[in-house]
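Predicted model only: the values in this text are computed from it and were never measured.
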Amino acid sequence: MSSGTDVLIVGAGPTGLVLALHLALDGISVRIVDRATGPGTASRAMVVHARTLEHYQQIGLADSIVARGIRMDGARLIIPGGPTVAVPLGAFGQGLSPFPYVLSFPQDEHEAVLVAELRKHGVEVEWCTECLDFSVVADTVTCQLRSASGDIAIDCSYLCWCDGAHSRVRERLGIGFAGGTYRERFFVADVDSGDHRAQHEFILCRRGEDFCLLFPIRTSGMSRLIGTVGRSHESQEVVDFDELRPGLEAMLETDL
């Protein structure tokens, strides 16, 4: 089977979804595929910056995103046994942007908004669909797709790969992915902290070489906790959260 479109987007994360939405708004035919079985169910990336909201304002999405997220107006820096420092962020960028703050909005909820908005413009994400290969002849890109219903070849003018660091086309074309790695090991968890301090601000705690960062992520009250695993667990291949819990609760002075 063969089918065509102006633009084929591989990867239905925020980048691919926003690109598809802009193309649809501009009247350009677009298809978007992803090998996942459906939308994400984890919080993953959670900070929406002012520039992104300014971008959404241009397409009428900013108010909806802000209403669903949590505005973080400050940061609190804590050193156990030492002073606590409060840093207001509410006026950060005041007069420079209509969104002078940091917005917390989990990626799965964020993607759901974009998928629904895309559907309004007649574009459905094609899940369980993987791009196996592609070839270029003159001004046409031919892509070989595999889905649960079989294989299909799609001709398009542009192929956009928005599938992250492990992009197959990046590997195929020998395009690097600049960056480095940290020596430390980090953990990330979504937790119920019951901590009123984390409702509208970051909480950063540091003890020696270790640190953790707690901030609100869902309107249901869940918070995101990020930190270093610590030297005492560095040699372990697998670290259970319960092994980290006592030290983290002592550092944050709250239950997790």
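Between the CD1 atom in I226 and the CG atom in D190 there is a gap of 9.0 Å [rounded to 0.5 Å]. Going from atom CD of E109 over to atom CD of E111 covers 11.0 Å, rounded to the nearest 0.5 Å. Taking CD of Q57 as the reference point, atom OG of S97 lies at 8.0 Å (rounded to 0.5 Å). Rounded to the nearest 0.5 Å, atoms OG1 (T140) and CG (L159) are 12.5 Å apart.
Residue R170 qualifies as enclosed at atom CZ: its count of foreign heavy atoms under 6.0 Å is above 12. Counting heavy atoms of neighbouring residues, nucleotides and ligands inside a 6.0 Å radius, atom CZ of R206 does not exceed 12 of them. Environment of CZ in R245: crowded, with over 12 heavy atoms of neighbouring residues, nucleotides or ligands closer than 6.0 Å. Heavy-atom neighbours of D139 CG from other residues, nucleotides or ligands within 6.0 Å: at or below the threshold of 12.
Between the side chains of S43 and R224, a donor-acceptor pair is found at a separation under 3.5 Å.
Taking the charged nitrogens against the carboxylate oxygens, D133 and R172 do have a contact shorter than 4.0 Å, which makes a salt bridge. With respect to E201 and R76, a salt bridge is recorded, a charged nitrogen being found less than 4.0 Å from a carboxylate O.
Residue L17 is tested with L114, V123, I9 for a side-chain contact (heavy atoms from CB on, under 4.5 Å); the sole match is L114. The residue from V18, T15, V10 that alone fulfils the side-chain contact (heavy atoms from CB on, under 4.5 Å) condition with C162 is T15. The only member of E243, E184, R185, Q236 that meets side-chain contact (heavy atoms from CB on, under 4.5 Å) when paired with V229 is R185.
Between Y56 and H110, the ring-plane angle classifies as perpendicular under the 30° and 60° cut-offs. Note on ring orientation: taking the six-membered ring where Trp is involved, the planes of H55 and H22 are tilted (angle from 30° to 60°).
F105 places none of its side-chain heavy atoms less than 4.5 Å from the side chain of M46. The shortest side-chain heavy-atom distance between I203 and L77 does not fall under the 4.5 Å cut-off. Residues V113 and L61 meet the side-chain proximity criterion, which asks for heavy atoms closer than 4.5 Å. Residues Y101 and M72 fail the side-chain proximity criterion, which asks for heavy atoms closer than 4.5 Å. A heavy-atom distance below 4.5 Å is not found between the side chains of L8 and Y158.
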